[in-house]
Undergrad: 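Provided herewith is a single structure, encoded as structure tokens, for subsequent inquiry.
Keep in mind it's a predicted model, so treat the numbers as computed, not measured. Note: hydrogens, waters and symmetry copies are ignored here, and every other heavy atom, side chains too, is used.
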Amino acid sequence: MSSLHGASGRKVLSVVAVSCALLLAGCGGTDDAQSAASDTRYVEGDGAATAFDIDERVDAPDVSGESLDGEPVALDDYAGEVLVVNFWASWCAPCRAEKPVLDEVLTEYGDDGLNILGVNIKDNETAANQFAESFDLAYPSLFDQPGQVPQAFRDTVPPQAIPSTLILDREGRIAGRVIGQVDYTTLTDLVEPVLDEGESSS
């Protein structure tokens, strides 16, 4: 297991520090958003990024549900692809800030076998759909108002940390994580080596 530090790490921590100063305790930009974050006890991560070597990886849990569009969605749908799983909520300011990064990475690496699945947690469905429409998200999001999906990943990512991002390899194993807002350099540093592993890892 290796931690990603250096300039990109400092950049993430700097962004997070500014966000914390602005938002105080929670991931919101309005009174309602701050109340939502407080009520659900969700906190902003520090941007720490970790890559897992192949022999350290564990299988992702069996997760399925319904997307914001009302379509069935499951991690198994992405077998054979490298999958970025991003936990977000409409009331989370860092979640809004990182969306352009996720879209950019998907555009750049989509043809190489990368896909993204959002997981909307502890949110109002109407607000979540408005968020998705406003940002014209290029990938589906599983609607998980109770927050059951992050609980399933609790051994890898604290369920209360939002936003958080996971990278799954082509065999459905957890290859990397970012606890907190992700930037372009951090995400690509995690994704590129997993894409380079080819169609299968052994």
Undergrad: Roughly how far apart are T188 OG1 and E108 CD, rounded to 0.5 Å?
TA: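 T188 atom OG1 to E108 atom CD measures 7.5 Å (nearest 0.5 Å).
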
Undergrad: Are the side chain of D169 and the backbone N or O of E171 linked by a donor-acceptor pair below 3.5 Å?
TA: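 Looks like yes, one N/O pair under 3.5 Å.
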
Undergrad: Below 3.5 Å, can you tabulate the donor-acceptor pairs from side chains in residues 145-157 to any protein atom, sequence neighbours excluded?
TA:
{"from": "R154", "atom 1": "NH1", "to": "Q151", "atom 2": "O", "distance (Å)": "2.7"}

Undergrad: Would D183 and T186 count as a side-chain hydrogen bond (donor to acceptor under 3.5 Å, both in side chains) if you check the C-alpha gap in whole Å, the side-chain angles of each, and the deciding distance to 0.1 Å?
TA: CA-CA 6 Å; D183 67 8; T186 301; 2.7 Å; yes

Undergrad: Pair R173, E197 - check salt bridge (Lys or Arg N to Asp or Glu O under 4.0 Å), show working.
TA: CA-CA 13 Å; R173 301 172 300 189; E197 290 168 5; 5.2 Å; no

Undergrad: Identify the two heavy atoms, one from A89 and one from N120, that lie closest to each other, and give their separation to 0.1 Å.
TA: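 Smallest interatomic distance, heavy atoms only, reads CA-ND2, 3.7 Å.
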
Undergrad: Taking atom CG of L195 and atom CG of L190, what is their separation to the nearest 0.5 Å?
TA: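 Rounded to the nearest 0.5 Å, the CG-CG separation comes to 11.0 Å.
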
Undergrad: First locate atom CG of L68, then atom CD of E125, and finally report the distance between them rounded to the nearest 0.5 Å.
TA: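 Interatomic distance, L68 CG to E125 CD, rounded to 0.5 Å: 6.5 Å.
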
Undergrad: Side chains of P158 and I179, heavy atoms from C-beta outward: is any pair under 4.5 Å?
TA: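 A side-chain contact under 4.5 Å exists here.
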
Undergrad: With sequence neighbours left out, what residues match E192 under side chain to side chain donor-acceptor pair (under 3.5 Å)?
TA: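 With sequence neighbours excluded, E192 shows a side chain to side chain donor-acceptor pair (under 3.5 Å) to Y109, given in chain and number order.
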
Undergrad: In Å, rounded to the nearest 0.5 Å, how long is the span from CZ of R96 to OG of S90?
TA: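 The CZ atom of R96 sits 8.0 Å away from the OG atom of S90.
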
Undergrad: Take a 6.0 Å sphere around CG of D111 and say whether it holds more than 12 heavy atoms from other residues, nucleotides or ligands.
TA: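 Incorrect, the count does not exceed 12.
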
Undergrad: Considering non-hydrogen atoms only, spot the tightest contact between S164 and A161 and give its length.
TA: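 Result for this residue pair: OG-O, 3.0 Å.
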
Undergrad: Can you give the donor-acceptor pairs under 3.5 Å from side chains of residues 72-87 to other protein atoms, not counting sequence neighbours?
TA:
{"from": "D77", "atom 1": "OD2", "to": "A74", "atom 2": "N", "distance (Å)": "2.8"}
{"from": "E81", "atom 1": "OE1", "to": "N115", "atom 2": "ND2", "distance (Å)": "3.1"}
{"from": "N86", "atom 1": "OD1", "to": "K99", "atom 2": "NZ", "distance (Å)": "2.9"}
{"from": "N86", "atom 1": "ND2", "to": "E98", "atom 2": "OE2", "distance (Å)": "2.8"}
{"from": "N86", "atom 1": "ND2", "to": "T165", "atom 2": "OG1", "distance (Å)": "2.9"}

Undergrad: If you compare all heavy atoms of A49 against all heavy atoms of V178, which two are closest, and at what distance to 0.1 Å?
TA: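 Heavy atoms only, the tightest pair is CB-CG2, 4.0 Å.
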
Undergrad: Taking the side chain from R57 and the backbone from F52, do they hold a donor-acceptor pair closer than 3.5 Å?
TA: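 Yes; judged by distance alone, with no hydrogens or angles, the pair exists.
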
Undergrad: Please determine whether side chain to side chain contact (heavy atoms under 4.5 Å, CB included) holds for the pair D112 and L114, giving the CA-CA distance in whole Å, both sets of side-chain angles, and the decisive distance to 0.1 Å.
TA: CA-CA 6 Å; D112 298 324; L114 178 75; 5.8 Å; no

Undergrad: Checking W88 side chain against A128 main chain: does a donor-acceptor pair fall under 3.5 Å?
TA: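 No, the answer is negative, given that no donor and acceptor are paired below the 3.5 Å cut-off.
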
Undergrad: Contact between C95 and I162 at the side-chain level, heavy atoms closer than 4.5 Å - yes or no?
TA: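 In short, these two side chains touch, coming nearer than 4.5 Å.
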
Undergrad: First locate atom OG of S134, then atom CG of D136, and finally report the distance between them rounded to the nearest 0.5 Å.
TA: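 Here the interatomic distance stands at 9.5 Å.
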
Undergrad: At their closest point, which heavy atom of L106 faces which heavy atom of Y139, and how far apart are they?
TA: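 Scanning both residues completely, I find the closest heavy atoms to be CD2-CD2, 4.1 Å.
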
Undergrad: Check whether E56 reaches the backbone of D53 with its side chain - one donor and one acceptor, N or O, closer than 3.5 Å.
TA: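 Looks like yes, one N/O pair under 3.5 Å.
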
Undergrad: Using only atom types and a distance under 3.5 Å, with no angle test, would you say the side chain of N124 pairs donor to acceptor with the backbone of T126?
TA: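 Yes: the side chain of N124 pairs with the backbone of T126.
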
Undergrad: Please examine the side chains of Y184 and E104, heavy atoms only from C-beta on, and report whether any two atoms are closer than 4.5 Å.
TA: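 Side chain of E104 against side chain of Y184, heavy atoms only: contact under 4.5 Å found.
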
Undergrad: How far does CG of L142 sit from CG of D144, to the nearest 0.5 angstrom?
TA: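 Rounded to the nearest 0.5 Å, the CG-CG separation comes to 6.0 Å.
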
